[in-house]
Number of protein chains: 2
Amino acid sequence: MKIEEIIQSTSMPPARKTVINIIFTANLLSEQSAEVLKPFGLSLPQFNVLRILRGQKGKPANLSTIQDRMVNKMSNTTRLVDKLIEKGLASRIICAENRRKVEISITQKGLALLSEIDAPMDEMNQKAISRLSEDDINSLNDLLEKVRG
Amino acid sequence: MKIEEIIQSTSMPPARKTVINIIFTANLLSEQSAEVLKPFGLSLPQFNVLRILRGQKGKPANLSTIQDRMVNKMSNTTRLVDKLIEKGLASRIICAENRRKVEISITQKGLALLSEIDAPMDEMNQKAISRLSEDDINSLNDLLEKVRG
DNA sequence: TTTTAATTGTTGTATATACAACTGTTGTGC
DNA sequence: GCACAACAGTTGTATATACAACAATTAAAA
């Protein structure tokens, strides 16, 4: 369905249309992701932070590292990490060399939860872009990269 | 910059990569849009609702119509509209024929505000996709449409 | 006609987010 | 060494959002 039909707005400037199209599609995908995460009690940002921590492969991360890599730059990573710690999915220790810094790591419980989620999440992702050919996927990624400059 | 570099994650399944790429790019664009709206005291969802109301061309809209057309399906359109009414940008009257329904319209003040915002917003949109050719833009819109099915 | 179901919004509650102010820690120039 | 700036997180406050429960009105069924 064309974006014009969805938002019932004819004759938009192409730039506006494209921006709305990207945001709208992303919202759909976010909703679907949230749906997958719901049974596991995680929000999408929480899940993304967990994945970042897993990507550290044992090496702990400080808050600014997490923030740099976050898909959605949240203003309050502290409280997001708090939630993960409350759930026992991450741990935080104050850095010995530089006591301004904190070191955040994923716990075994966190890793276990992520590995449970991986399959259904990738399945959803597959399904979400199942209408695209391999070439389409490459083009889309290239175009998005081009948008970001 | 490739999405892998940004989130520092090598070798993702292509589907996951693409989904993250879309959401990440959309977040950038949302942030930029919010930046444009800030001086006008509007959030992005508020702005979108105002645009929907303007698109009605005088005809009032009820809540479910607004919700259908919203870029981001918010669960609480009531309170979003409340904010617009507080600011004098929209008005709400209870529908005479069906008193469950409400009729929401944009006010003159709302229209005036939107017309102020149009130029800087479209300018931002232009800039955001300035690296895309006309063909690129068409491909991107087609591919996103294909994703949505 | 009275009861039941469906529609349309609203409100309550918990959580999330943006933004700015604040605290504690480290580094720099004098 | 001391004042001051820069850094790294944390906390406060207002707003936004998701989700579910609720109320009011209308339509349908018995």
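These numbers come from a predicted model, not from an experiment.
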Give me each pair satisfying side chain to side chain donor-acceptor pair (under 3.5 Å) with a member in residues 136-149 of chain A, each pair once, sequence neighbours excluded.
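Those involving residues 136-149 of chain A are A/S133-A/D136, A/D136-B/K146, A/N141-B/T18, A/N141-B/N21, A/E145-B/K2, A/K146-B/D136, A/R148-B/N21, A/R148-B/T25.
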Provide the full list of side chain to side chain donor-acceptor pair (under 3.5 Å) pairs with a residue in residues 107-122 of chain B, sequence neighbours left out, each pair given once.
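Of all non-adjacent pairs touching residues 107-122 of chain B, those that pass side chain to side chain donor-acceptor pair (under 3.5 Å) are A/R16-B/D122, B/R54-B/D118.
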Pair up each side-chain donor or acceptor in residues 84-91 of chain A with any protein partner under 3.5 Å, not counting sequence neighbours, and list the distances.
unit_1: A/K87; atom_1: NZ; unit_2: A/G41; atom_2: O; d: 2.9
unit_1: A/K87; atom_1: NZ; unit_2: A/Q46; atom_2: OE1; d: 2.7

In whole Å, I'd like the distance from the [atom1] atom of [X] to the [atom2] atom of [N].
X	N	atom1	atom2	result
A/L80	D/dT10	CG	C1'	14 Å
A/D68	D/dG9	CG	C1'	14 Å
A/N62	D/dG9	CG	C1'	10 Å
B/K101	D/dT26	NZ	P	11 Å

Please identify each residue that fulfils salt bridge (Lys or Arg N to Asp or Glu O under 4.0 Å) with A/K83, with sequence neighbours left out.
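For A/K83, no residue satisfies salt bridge (Lys or Arg N to Asp or Glu O under 4.0 Å) once neighbours in sequence are set aside.
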A side-chain contact here means heavy atoms from C-beta on lying under 4.5 Å apart; do [X] and [Y] qualify?
X	Y	value
B/L80	B/M70	yes
A/N62	A/I104	no
A/L144	A/L140	yes
B/L29	B/N125	no

Relative to the 5' end of DNA chain C, which residue comes earlier, A/R79 or B/N76, by the nucleotide with the nearest heavy atom?
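The answer here is B/N76.
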Outermost DNA chain C nucleotides near chain B [under 4.0 Å, heavy atoms]:
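Result: C/dA6 to C/dT13.
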Let's see if you get this right: which residues in residues 82-98 of chain A place a heavy atom under 4.0 Å from DNA chain D?
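Heavy-atom cutoff 4.0 Å gives A/R92.
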Residues from residues 44-60 of chain A sitting under 4.0 Å of DNA chain D, heavy atoms only?
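Close to the strand, none.
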Just jot down the side chain to side chain contact (heavy atoms under 4.5 Å, CB included) partners of B/A61, sequence neighbours excluded, or say none.
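By the side chain to side chain contact (heavy atoms under 4.5 Å, CB included) rule, B/A61 matches B/L53, B/Q56, B/T65, B/I66.
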With sequence neighbours excluded, tell me which residues meet side chain to side chain contact (heavy atoms under 4.5 Å, CB included) with B/N48.
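Once residues adjacent in sequence are excluded, the partners of B/N48 under the side chain to side chain contact (heavy atoms under 4.5 Å, CB included) criterion are B/L44, B/R51, B/V71, B/N72.
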Of all of residues 28-39 of chain B, which get a heavy atom below 4.0 angstrom from DNA chain C, listed by number?
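Heavy-atom cutoff 4.0 Å gives no residues at all.
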Using the salt bridge (Lys or Arg N to Asp or Glu O under 4.0 Å) rule, collect all pairs that involve residues 90-103 of chain A, keeping only residues at least two apart or in two chains.
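Found A/D82-A/R92.
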Not counting sequence neighbours, list each pair that qualifies as a salt bridge (Lys or Arg N to Asp or Glu O under 4.0 Å) and has a residue in residues 17-28 of chain B.
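The answer is B/E4-B/K17.
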Out of D/dA6, D/dG9, D/dT25, which has the shortest distance to the side chain of B/R100?
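Of D/dA6, D/dG9, D/dT25, D/dT25 is nearest to the side chain of B/R100.
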Counting only heavy atoms from other residues, nucleotides and ligands, does the tally under 6.0 Å from CD of B/E123 exceed 12?
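Open: at most 12 neighbouring heavy atoms sit under 6.0 Å from CD of B/E123.
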Sugar-phosphate only, base, or nothing, as touched by A/S64 at under 4.0 Å among non-hydrogen atoms
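Answer is sugar-phosphate: A/S64 comes under 4.0 Å of backbone atoms only.
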